[in-house]
Number of protein chains: 2
Amino acid sequence: MEPSTATAALTDDVGFLLSRASGNFVRASNAALLSHGLRVRSYSVLLLACGTEEGISQRDLAAVLGLDPSQVVLLVDELAESGLVERRPSDTDRRTKLVVATPAGRQVRAAAVGDVASAVTGQLTELTATEQFLLRNLLSRLALGAASLPPV
Amino acid sequence: MEPSTATAALTDDVGFLLSRASGNFVRASNAALLSHGLRVRSYSVLLLACGTEEGISQRDLAAVLGLDPSQVVLLVDELAESGLVERRPSDTDRRTKLVVATPAGRQVRAAAVGDVASAVTGQLTELTATEQFLLRNLLSRLALGAASLPPV
DNA sequence: CGGTATTGTGGAGAGTGTCAACGATGGAGG
DNA sequence: CCTCCATCGTTGACACTCTCCACAATACCG
């Protein structure tokens, strides 16, 4: 009944497929962002910074992106040096620094979002619109549901 | 019709979800493989080496895994040092070295495959059996379909 | 006021992706 | 046969990523 364990093909492993697909998307997105001077990581930070008017703390950035706070420091440093975001002190907590997008940052984002979208859709050409919607649904439950589950 | 571009939530981005989900699976699998002295990468190589009797060339390993051949060298080195695989010269091409699993390698794989499976299913608890099958289907078309497609 | 937790920051170490070059071998063509 | 080119494994380099530890400044709680 279970001879598959003997010949467990790697191409049937969800983890392997996830890894491959993720790598394809990252590569395609990075290529699309190259001309904008961004990479996937910094682009994500820029997106989140553009998402609010008053800014987002670096701790929240790390939590949403699933990154270590020390990585966020470097990403914000890079974006700040390019003048796309700036660190604004919070008026309620002097520890937190709110990352807000500058007008230049919003402009770059507006210019890049189309290229990224076309790169993503280029990867999704194999799937119908319904399948894409379904995939997004399944992935969001996988990515966010089990994200913060400690082993025990 | 398209106000989503203005508020394009990161949690709706397929690439971001893929990256997060993939990271979760890799982390869980690595944790499961820790007691077996393996990691996801070396485990994949061991799986493929166990898949054939006569062995698999390192070039084929790299192609199947989507890795650079130089990475395969280190992975095979590591497995060979642990005595789980060995490099056997091909009798048809003296350049290629066929990676074959040793009895010890097959034993380790047999012991590890269960732990990896439970780690994977632990990540998939959010999905029904039908959804898991569907996800595998969609991902395989994403991962393998656009894998080797050069941009132009 | 004093102890503890949180936020941002810096640094170390391992793992990974990508690329260039090289020796050894195989294959095709003169 | 000999020469040119492609392929396989290998090494090295470089940048990026992940994970952890430590620290100063600040907030919060008793």
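Below, all heavy atoms of this structure are taken into account, side chains as well, without hydrogens, waters or symmetry copies. Protein chains get the first letters and strands the later ones, always in sequence-line order, with residue 1 at the start of each.
- The existence of a salt bridge linking A/R141 and B/E131 is confirmed by a sub-4.0 Å separation between a basic side-chain nitrogen and an acidic carboxylate oxygen.
- Mapping B/D93 and B/L74 onto DNA chain C by nearest heavy atom places B/L74 closer to the 5' end of the strand.
- Applying the 4.0 Å criterion to OP1 and OP2 of D/dC18, one finds that B/R27 has every side-chain N and O outside that range.
- A side chain to side chain contact (heavy atoms under 4.5 Å, CB included) with B/L33 is found for exactly one of B/D115, B/L46, B/L38, namely B/L38.
- Taking 3.5 Å as the limit, the base of C/dT7 and the side chain of A/R59 contain no donor-acceptor pair of atoms between them.
- When heavy atoms are screened at a 4.0 angstrom cut-off, A/S70 is found touching base atoms of the nucleic acid.
- For D/dA6, neither phosphate oxygen OP1 nor OP2 lies less than 4.0 angstrom from any side-chain nitrogen or oxygen of B/R95.
- The base of D/dT26 has none of its N or O atoms less than 3.5 Å from a complementary donor or acceptor on the side chain of A/R94.
- A/R20 places its CZ atom 15 Å from the C1' atom of C/dT16, with the value rounded to the nearest Å.
- Summarising the geometry, the separation between CG on B/L65 and P on D/dG9 is reported as 13 Å, rounded to the nearest angstrom.
- Regarding A/L33, its CG atom lies at a distance of 14 Å from the P atom of D/dC16, rounded to whole Å.
- Minimum atom distance to the side chain of B/Q71 is reached by C/dG17, of the listed D/dC18, C/dG8, C/dG17.
- Across the protein-nucleic acid pair, B/D60 atom CG and D/dG9 atom C1' stand 13 Å apart, rounded to whole Å.
- Among the atoms of the strands shown, base atoms are found under 4.0 Å from some heavy atom of B/D68.
- Considering every non-hydrogen atom in both A/R41 and A/L75, the closest pair reads CB-CD2, 3.7 Å.
- Looking at every heavy atom in both residues, A/V85 comes nearest to A/A49 through CG1-CB, 4.0 Å.
- Atom-to-atom, CD of B/E78 to C1' of C/dG15 comes out at 11 Å; the value is rounded to the nearest Å.
- One cannot find a donor-acceptor pair under 3.5 Å joining the base of D/dC8 and the side-chain atoms of B/S57.
- Taking atom CG on A/L61 and atom P on C/dG8, their separation rounds to 9 Å, with Å as the unit.
- Whole-Å rounding puts the A/L75 CG to C/dG10 P distance at 13 Å.
- Checking A/T130 against A/T128 by side-chain atom types alone, no donor-acceptor pair falls below 3.5 Å.
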